[in-house]
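Side chains included, hydrogens not; waters and symmetry mates left out as well; all remaining heavy atoms used. It should be emphasised that the depicted structure is a prediction, and the values quoted were computed from it without experimental measurement.
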Amino acid sequence: MHQKRLSAPKTIKVPRKIKKWIVKAAPGPHDKNAVPLLVVVRDFLQLADTAREARRVIAAGEIRVDGVVRKDYKFPVGLFDVVSIPKIGKSYRMLFDERGHYIPKEVTDANLKLYKIANKTLVRGGKVQLNLFDGSNILASNEYKTKDSILLKVPEKEIVDHLPFEEGALVMITGGTHAGQLGRIKRYKIVRGSAPNLVTVESEAGEFTTIIDHIFVVGKKGEEKPVIDLGV
């Protein structure tokens with residue numbers, strides 16, 4: 001359960017050679033590239049100078065993630081999670097920079113979070129369960145499709161808006177050489193075989209193609225801005 005800094009996920013932007021060890025994220029939301037809450041508090045937000053101080057702040061219930069108090073210093077924090085510190089009245093949304101590193105950006109809509117629909121399943125009683133990108137799920141109607149995004153009010157997880165995956169939709173790139181960029185879907189190509197499907201995106205930097213796994217819908221077709229504050 002130990003994690004060396006040199007082998008830590010590349011999404012965590014911390015000095016690699018100053019010290020040997022770093023906290024390893026516990027199992028939970030998101031994938032293995034998530035950032036432990038202690039690292040967010042100490043290294044990203046610089047609310048503490050040492051790991052011991054950061055653990056005290058977290059254990060005291062001073063930190064909320066998506067509106068829920070988290071006291072586990074290993075709690076995994078990932079894309080679009082909102083870390084709030086009520087005592088100082090600030091909230092930060094976890095985003096990607098141009099190198100694919102997680103960075104916190106101060107935002108004003110801490111009660112909203114975007115989720116990508118990874119797949120759908122039929123559960124007992126004929127209800128539809130939406131399985132979301134971070135491992136969580138929610139019951140909803142069958143009108144939602146995989147690859148779509150839904151805007152939820154947190155922590156209640158109440159659906160506020162539906163963002164379809166379609167040509168012209170505003171998207172954020174979440175991986176590869178274009179990580180962190182915004183653009184619009186120009187074309188979606190289904191590839192035969194085991195290779196991932198491809199999406200062509202138009203952005204201010206030009207036109208490029210990436211795999212479907214790196215596409216996250218953040219705005220509707222015809223709208224100029226994302227539905228959440230991205231701190232830009």
Side chain to side chain contact (heavy atoms under 4.5 Å, CB included) partner of Leu151, the single match among Ile159, Val218, Asp109, Asp161: Asp161

Could you tell me the separation between the CG atom of Asn111 and the CD atom of Glu158, rounded to the nearest 0.5 Å? 10.5 Å

For Asn197 and Val191, indicate whether the former's side chain and the latter's backbone hold a donor-acceptor pair under 3.5 Å. yes

Calculate, to the nearest 0.5 Å, the distance between atoms CZ and CZ belonging to Arg52 and Arg55 respectively. 8.5 Å

Should Leu47 and Arg42 count as side-chain neighbours, where that means a heavy-atom distance under 4.5 Å? no

Could you tell me which non-hydrogen atom of Val154 sits nearest to which non-hydrogen atom of Ala110, and how far apart they are? CG2-O, 3.8 Å

Check whether any side-chain heavy atom of Lys24 sits under 4.5 Å from a side-chain heavy atom of Lys74, and report yes or no. no

Decide yes or no on ring pair (Phe, Tyr, Trp, His ring centres under 6.0 Å) for His101 and Phe96, but give the supporting numbers first. CA-CA 5 Å; His101 299 134; Phe96 284 121; 9.3 Å; no

Is it true that Thr146 and Lys116 share a donor-acceptor pair across their side chains at a distance under 3.5 Å? no

Honestly curious: do Ile85 and Ile103 fall in one hydrophobic cluster under the side-chain, below-4.5 Å linking rule? no

Nearest-0.5 Å distance that lies between atom CD in Glu166 and atom NZ in Lys147: 12.5 Å

Rounded to the nearest 0.5 Å, the CG atom of Asn142 sits from the NZ atom of Lys127 at a distance of 14.5 Å

Co-membership, hydrophobic cluster, residues Val107 and Ile228, 4.5 Å side-chain: no

Looking at Asp43 and Val40, would you say the former's side chain and the latter's main chain have a donor-acceptor pair under 3.5 Å? no

Distance-only check: which donor-acceptor pairs under 3.5 Å involve side-chain atoms of residues 57-69, not counting sequence neighbours?
| residue | atom | partner | partner atom | Å |
| --- | --- | --- | --- | --- |
| Glu62 | OE2 | Lys87 | NZ | 3.1 |
| Asp66 | OD1 | Val82 | N | 2.9 |
| Asp66 | OD2 | Lys113 | NZ | 2.9 |

Check: Gly100 main-chain N/O paired with Asp97 side-chain donor or acceptor under 3.5 Å: yes

Write down the atom of His30, the atom of Pro76, and the distance for their closest heavy-atom approach. CD2-O, 4.2 Å

What about the rings of Tyr188 and Phe165, do their centers lie closer together than 6.0 Å? yes

What's the shortest heavy-atom distance between Ser84 and Ser91, and which atoms? OG-OG, 3.0 Å

How far apart are the closest heavy atoms of Lys153 and Leu112, and which atoms are they? CA-CD2, 4.3 Å

If you draw a 6.0 Å radius around CD in Glu143, do more than 12 non-hydrogen atoms from other residues or ligands fall strictly inside? yes

Would you call the rings of Phe133 and Tyr115 parallel, tilted or perpendicular, where under 30° means parallel and over 60° means perpendicular? perpendicular

Charged N to carboxylate O below 4.0 Å: is that the case for Lys186 and Glu207? yes

Identify whether Val160 and Tyr144 are in the same connected component of the hydrophobic contact network (ILVMFWY, side-chain heavy atoms under 4.5 Å). yes

Do Ile185 and Val199 make a side-chain contact, defined as non-hydrogen atoms from C-beta onward lying under 4.5 Å apart? yes

Checking Leu139 against Val128 for the side chain to side chain contact (heavy atoms under 4.5 Å, CB included) test, could you report, in this order, the C-alpha distance in whole Å, the side-chain angles of both residues, the deciding distance, and whether it holds? CA-CA 6 Å; Leu139 295 177; Val128 176; over 6 Å; no

How many angstroms lie between OG1 in Thr11 and CZ in Arg99, if you round to the nearest 0.5 Å? 15.0 Å

Tell me the closest heavy-atom pair linking Leu163 and Val217, and the distance in Å. CB-CG1, 3.7 Å

Donor-acceptor pair, side chain of Glu53 and main chain of Asp49, under 3.5 angstrom: yes

Anything under 30° is parallel, anything over 60° is perpendicular, the rest tilted; go ahead and classify Phe80 against Phe216. perpendicular

Go through it in stages, so that I can follow the logic: the residues are Asp229 and Arg93, the test is side chain to side chain contact (heavy atoms under 4.5 Å, CB included), and I'd like the CA-CA distance, side-chain angles, deciding distance and then a yes or no. CA-CA 8 Å; Asp229 185 359; Arg93 179 167 282 125; 3.9 Å; yes

Would you kindly confirm whether Val41 and Ile88 end up in one hydrophobic cluster when ILVMFWY residues are joined by side chain heavy atoms under 4.5 Å apart? yes

Using modelled atom types only, decide if a donor and an acceptor are shared between the side chain of Asp81 and the backbone of Met94 within a distance under 3.5 Å. no

With a sphere of 6.0 Å drawn around NZ of Lys120, does it hold more than 12 non-hydrogen atoms of other residues, nucleotides or ligands? yes

Cluster check Leu114, Ile138: I/L/V/M/F/W/Y, side chain < 4.5 angstrom: yes

Could you check if a side-chain atom of Phe44 sits within less than 4.5 angstrom of a side-chain atom of Tyr102, using non-hydrogen atoms only? yes

How far does NE2 of His214 sit from CD of Gln181, to the nearest 0.5 angstrom? 13.0 Å

For Phe75, does its backbone N or O pair with a side-chain atom of Arg70 as donor and acceptor, under 3.5 Å? no

Distance-only polar pair, side chains of Asn131 and Asn137, donor-acceptor under 3.5 Å: no

Looking at every non-hydrogen atom in both residues, tell me the closest pair between Ala26 and Asp72 and how far apart they are. CB-OD2, 4.1 Å

